[in-house]
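Everything numeric here is computed off the predicted structure, so don't read it as measured data. Positions are given from 1, in the same order as the sequence printed here.
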Amino acid sequence: MRDDFDRIGKGRLFSIELIRLRGKETITELHRTYGDVPIGAIVAFFNSTGMLEIAINNGPAAELLNLRQNSVVRITFE
């Protein structure tokens, strides 16, 4: 997925929207590791296999973000 992100995005600004039952969460920055954000903050990065990982530093992201398998994640490039 990292290759697709780079190929399609071509360095443009982006937003990652997590579509939930109760609204959405928007991420506009990628990080390298969990530790790049404060404890309890949302972090998005490409893991060692190249897959986009969305997490909460030191927290249960699926529970706190109300995400499930097959939840919609939309990436939009400007």
CD1-CG distance between Ile39 and Asn58, expressed to the nearest 0.5 angstrom
5.0 Å

Taking atom CZ as the centre, does Arg12 end up with more than 12 heavy-atom neighbours from other residues, nucleotides or ligands that are less than 6.0 angstrom away?
yes

Hydrophobic clusters here meaning ILVMFWY residues chained together by side-chain heavy-atom distances under 4.5 Å, can you tell me if Ile19 and Ile27 are in one?
no

The test is side chain to side chain contact (heavy atoms under 4.5 Å, CB included); show your working for Met1 and Asn47 and say whether it passes.
CA-CA 10 Å; Met1 178 144 181; Asn47 64 25; over 6 Å; no

Give the minimum heavy-atom separation between Ile54 and Ala44, together with the two atoms involved.
CG1-CB, 4.3 Å

Pairwise distance OG(Ser71) to CG(Asn66) - rounded to 0.5 angstrom:
7.5 Å

Does Phe46 form a side chain to side chain contact (heavy atoms under 4.5 Å, CB included) with Leu30? I'd like the steps, not just the answer.
CA-CA 8 Å; Phe46 286 99; Leu30 291 174; 3.5 Å; yes

Indicate the atoms forming the closest heavy-atom contact of Lys24 with Glu17, along with that distance.
NZ-OE2, 3.0 Å

Would a hydrophobic clustering, with Ile, Leu, Val, Met, Phe, Trp and Tyr connected at side-chain separations under 4.5 Å, put Ile42 with Phe14?
yes

Taking Tyr34's backbone N and O only, do any of them form a donor-acceptor pair with Asn57's side chain (distance below 3.5 Å, no angle check)?
yes

Assigning hydrophobic clusters by single linkage (Ile, Leu, Val, Met, Phe, Trp, Tyr; side-chain heavy-atom cutoff under 4.5 Å), is Ile8 placed with Leu13?
no

Cluster overlap Leu52 with Phe5, hydrophobic side-chain contacts below 4.5 Å
yes

Say whether, by atom type as modelled, one donor and one acceptor occur between the side chain of Asp6 and the main chain of Asp3 under 3.5 angstrom.
no

Where is the tightest heavy-atom contact between His31 and Phe45, given as atom of each residue plus distance?
O-CB, 2.7 Å

Quick one: pull up CZ in Arg74 and OG in Ser15 and give me the separation to the nearest 0.5 Å.
9.0 Å

In short, Val73 meets Leu18 closest at the heavy-atom pair CG2-CD2, 3.9 Å

Cluster link Val72 to Leu64, ILVMFWY, side chain under 4.5 Å
no

